[in-house]
Every structure is written in C-alpha cells, then in structure tokens.
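Please read the structure below before turning to the comments.
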Amino acid sequence: MDFKLQYTDSKSRARAGLITTDHGQIETPIFMPVGTQGAVKAVHMPELDNDIHAQIILGNTYHLYLRPGLEILKQAGGLHKFNSWKKPILTDSGGFQVFSLAENRKLTEEGAIFRSHIDGSKHFFTPESVMDIQRVIGADIIMAFDECTPGDADYNYAKKSLDLTERWLDRCIKRFSDTECEYGYKQTLFPIVQGCVYPNLRIRAAENVVSKGADGNAIGGLAVGEPTEKMYEMIEVVNEILPKDKPRYLMGVGTPANILEAIERGVDMFDCIMPTRNGRNGQLFTRNGIMNMRNKKWANDFSSLDENGTSFVDSLYSKAYLRHLFITNEILALQIASIHNLAFYLWLVGEARRHIIEGDFTDWKRSVIEDISKRI
C-alpha cells in the first residue's frame with residue numbers, strides 16, 4: 001500500500017491524500033460502507049460502485065470467521081471473489097465484537113476465548129490466528145488484534161488493557177511478517193491506538209504504534225461510551241504523534257458532524273454502521289438536516305426524496321412514497337434509505353476533500369455542520 005499526502009488545509013489539520021492498493025486507489029478523506037458479513041446490508045455491489053461511489057468497503061473478521069467460515073472463503077478465492085467487490089476491502093480484526101461479548105468471553109495473555117453469538121460454540125482468537133484469518137479473507141488492509149476498552153473504564157483497567165494490546169501487537173506483526181496473502185496480492189497491516197480517554201495512555205500507545213513503522217495506523221476505542229468532546233480530545237492527542245505521511249483511520253465513527261470534526265483534526269478514513277442501521281429505521285441524513293421518514297408530516301409530501309441528493313433514489317422516489325413503504329413494512333424502504341444515506345456520506349467526504357483542495361475547508365465545514373445535524 002502507498003499513501004501520498006496531496007493537500008493540507010491552511011487553517012486546520014484536514015488533509016487530502018491518495019491511497020493505492022492492489023485493488024485500486026482511494027481518495028481521502030474517505031468513508032467506508034460497512035459490509036460486516038461480506039455484504040453492505042440491503043445494497044447491491046453495482047449500486048455501491050456506480051451510484052454511491054464507494055471506493056472501499058469493510059468486512060469483519062469475527063463474523064466472516066463464524067459464517068461462512070474460512071474453508072468457504074478459501075475455496076471462493078477470498079472475499080473479493082466471494083462477494084464480487086472488485087475494489088479495496090478493509091477488515092476489522094474482530095476485537096470490538098469480542099469486546100461486545102463481555103459476558104461470553106474471557107481474555108488471557110494468549111488471546112480471547114469467546115462463545116459464538118449464533119450457537120454458543122466456544123472459540124479462541126489469538127493475535128496469530130487473527131492474522132491467519134485475515135490472510136484467508138484477503139482484505140487489502142487488515143487490523144491488528146486488540147482489546148477495545150470501554151469508554152468509561154477506569155485508569156487501571158485501561159492501562160492493563162493497553163499493556164495487553166501492545167504485547168498482542170508485537171505478535172501480530174511477527175505473524176504478519178512470517179506469512180503471505182493467500183491470493184497473490186499485497187496486504188497491509190494497521191496497528192490500533194488504544195488508551196481509552198487518558199491522554200498519557202493515548203500518547204504512549206501512539207508512540208508505540210509509530211515505532212512499528214506500519215504503512216497506516218488506526219485509532220480505536222472511541223465512540224464506545226465516552227463524551228463526544230473527550231473523543232475529539234483523544235483524536236487531537238493521537239494525531240499530534242501519528243506520522244503525517246501515513247493514513248489515519250478512525251474506527252467506528254460516526255455521525256456526519258463527527259466525521260467533519262475528525263477530518264478537521266487530521267483523520268483520513270472512517271467507517272460506521274450508522275448510515276445503513278439508521279436508514280433501516282427510517283432516518284435519512286441530508287445536507288439540510290435529518291428526516292424521520294415515519295413522521296406524519298411526509299404523508300402527502302410528493303416532492304423528491306432529496307432535491308440535493310446524488311443517488312438515483314433521491315429523484316426517483318418521493319418523501320410520501322418512502323414514508324408509505326416504511327409504514328407498510330416494505331423491504332424496499334430499507335434499501336432506498338440505505339442507498340440514500342451511504343450516497344450522502346460519500347458525498348460529504350467528497351465535498352470535504354474538494355474544499356481541502358480548494359483551500360476553504362474550515363469555512364465550508366463551519367457553514368454546513370449545524371444544518372446537517374438538525375432535525376427537520
């Protein structure tokens with residue numbers, strides 16, 4: 001993987017860059033639609049590519065390991081061939097999913113013992129096995145195995161957790177360096193900066209990650225229960241240290257406003273389930289604000305779904321029609337809303353990039369952030 005920093009905003013840390021992988025290029029800042037189980041929910045690959053204009057999508061190691069399983073993925077020739085996505089893929093190591101199974105997992109020095117959320121069967125993830133699993137999945141960018149610390153963890157827990165994550169990182173790097181991709185192209189390993197909401201732990205974690213010399217770095221353990229201002233503070237602390245010539249990936253964040261604030265603080269890559277999950281629940285993000293499509297106010301509004309939208313669904317369907325689909329529990333409602341929201345997120349980061357290049361990102365961000373966050 002190669003990263004070229006192309007432009008930097010004069011009034012902030014916002015950056016525009018270009019990532020090159022064996023499956024194509026990615027213009028940053030970028031949002032990655034979440035395809036947890038090998039599919040972005042309710043969206044076809046041609047729609048992701050040609051309408052939403054996704055440049056990279058995300059898969060999840062934990063879920064793909066359980067289903068369809070490594071043997072099926074290996075027989076298929078990796079996730080790209082299995083799901084017919086020809087552009088880059090990033091895989092989350094499964095650390096967050098294991099963290100979320102708090103009552104059904106046990107952490108040891110060796111790894112994490114957990115029970116499947118599907119059938120209760122027992123499994124064991126180690127740093128080495130997680131590298132092996134991601135080699136089989138075949139994503140272009142893969143994540144180190146870490147413990148995702150809860151946002152409200154006390155200092156002692158956060159420190160012990162970081163100690164473990166750092167020891168696991170060394171094992172991930174060794175296993176990654178000792179193996180190769182199953183399918184003949186290059187993969188890149190990103191370490192993850194943890195440390196909860198404690199600046200000295202974040203600084204230590206970032207400095208340790210920098211010492212590994214990876215081609216890119218991730219910031220994890222945010223948007224997991226801590227106050228939003230703390231999240232922004234930790235991003236600033238970490239990005240003071242992470243190298244400028246490497247991409248920075250903020251994991252699992254977030255709202256449109258969160259994304260603009262993080263771009264302003266020097267983040268390049270994002271993923272979040274919010275556009276598809278909230279879409280399936282009737283919530284649409286637009287540049288004029290957030291709409292709840294179940295509200296009565298849309299029942300006889302026959303105007304375009306979003307007059308400023310970039311997707312075909314925005315001009316093809318009306319607000320009244322989409323509300324009707326949600327009220328009658330038609331599956332098409334989930335698809336329309338998901339496509340719209342993903343197209344909006346990709347439009348948002350594309351506009352951020354354009355304004356960074358044109359030199360007025362800070363003023364543009366200030367002009368739109370209130371509107372995109374309000375309820376209409």
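Source: prediction; values computed, not measured.
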Any chance the side chains of Thr179 and Arg135 put a donor and an acceptor closer than 3.5 Å? yes
Indicate whether the side chain of Asp146 and that of Gln194 have a donor and an acceptor atom separated by less than 3.5 Å. yes
Looking only at side-chain N and O atoms, does Arg280 offer a donor or acceptor that is under 3.5 Å from a partner on Gln335? no
With a 3.5 Å distance limit and no angle check, can you tell me whether Thr165 reaches the backbone of Glu147 through a side-chain donor-acceptor pair? yes
Determine whether the side chains of Thr91 and Gln134 contain a donor N or O and an acceptor N or O closer than 3.5 Å. yes
Parallel, tilted or perpendicular: which one describes the rings of His340 and Phe344, with boundaries at 30° and 60°? parallel
Hydrophobic cluster identity match, Val197 and Met231, side-chain contacts under 4.5 Å: no
Is a donor on one side and an acceptor on the other found under 3.5 Å between the side chain of Thr21 and the backbone of Met1? no
Any Ile57 side-chain heavy atom under 4.5 Å of Val34 side chain: no
Stepwise side-chain contact (heavy atoms from CB on, under 4.5 Å) test for Phe3 and Leu5: CA-CA 7 Å; Phe3 176 68; Leu5 182 60; 4.2 Å; yes
Taking all atoms of both residues into account, what is the closest heavy-atom pair of Met269 and Met32, and its distance? CE-SD, 3.9 Å
Got Arg287 and Asp371 here, is their nearest side-chain heavy-atom distance under 4.5 Å? no
Are the side chains of Tyr345 and Pro256 in touch, meaning some heavy atoms are under 4.5 Å apart? yes
Please report the closest heavy-atom contact between Val43 and Ile339, naming both atoms and the distance. CG2-CG1, 4.1 Å
On a heavy-atom basis, the closest approach of Thr286 and Ile376 is OG1-CD1, 4.3 Å
Any sub-3.5 Å donor-acceptor pair from Tyr185's side-chain atoms to Gly138's backbone N or O? yes
Given Met251 and Met143, is the side-chain contact (heavy atoms from CB on, under 4.5 Å) satisfied, shown in steps? CA-CA 10 Å; Met251 306 178 75; Met143 294 295 118; 4.1 Å; yes
Looking at Ala54, is its backbone amide N or carbonyl O close enough to the side chain of Lys87 to form a donor-acceptor pair, meaning the two atoms are under 3.5 Å apart? yes
Regarding Glu110 and Arg171, does a basic nitrogen lie under 4.0 Å from an acidic carboxylate oxygen? yes
Return yes if some donor-acceptor pair links the side-chain N/O of Arg265 with the main-chain N/O of Arg13 below 3.5 Å, else return no. no
Is a donor on one side and an acceptor on the other found under 3.5 Å between the side chain of Trp168 and the backbone of Thr126? no
Has the side chain of Asn208 got a donor or acceptor atom that lies under 3.5 Å from a matching backbone atom of Arg204? no
Distance alone, cut at 3.5 Å: any donor-acceptor contact between the side chains of Asn60 and Gln97? yes
Going through the checks in order, is the ring-ring contact (aromatic ring centres under 6.0 Å, His included) test met by Tyr65 and His123? CA-CA 10 Å; Tyr65 159 80; His123 302 270; 5.3 Å; yes
Do Ser161 and Thr149 meet the criterion of a side-chain donor-acceptor pair at a distance under 3.5 Å? yes
Is it true that the side chains of Tyr249 and Asp271 contain a donor and an acceptor less than 3.5 Å apart? yes
State whether the side chain of Ser304 and the backbone N or O of Asp306 hold a donor-acceptor pair below 3.5 Å, judged by distance alone. no
For the rings on Tyr62 and Phe114, is their centre-to-centre separation under 6.0 Å? yes
When the ring planes of Phe145 and Phe125 are compared, do they come out parallel, tilted or perpendicular, using 30° and 60° as the limits? perpendicular
In terms of the angle between their ring planes, are Tyr155 and Tyr198 parallel, tilted or perpendicular, with boundaries placed at 30° and 60°? perpendicular
Could you label the plane-to-plane angle of the His355 and Trp364 rings as parallel, tilted or perpendicular, counting under 30° as parallel and over 60° as perpendicular? parallel
Specify the closest pair of heavy atoms between Lys319 and Ser303, including all atoms of both residues, with the distance to one decimal. NZ-OG, 2.9 Å
Sub-3.5 Å donor-acceptor pair from the side chain of Glu226 to the main-chain atoms of Ala223, do we have one? yes
Is the side chain of Thr28 donor-acceptor paired with the backbone N or O of Ile30 at a distance under 3.5 Å, no angle test? no
Return yes if a side-chain donor-acceptor contact under 3.5 Å exists between Thr362 and Asp9, otherwise no. yes
Is it true that Lys41 and Ser338 share a donor-acceptor pair across their side chains at a distance under 3.5 Å? no
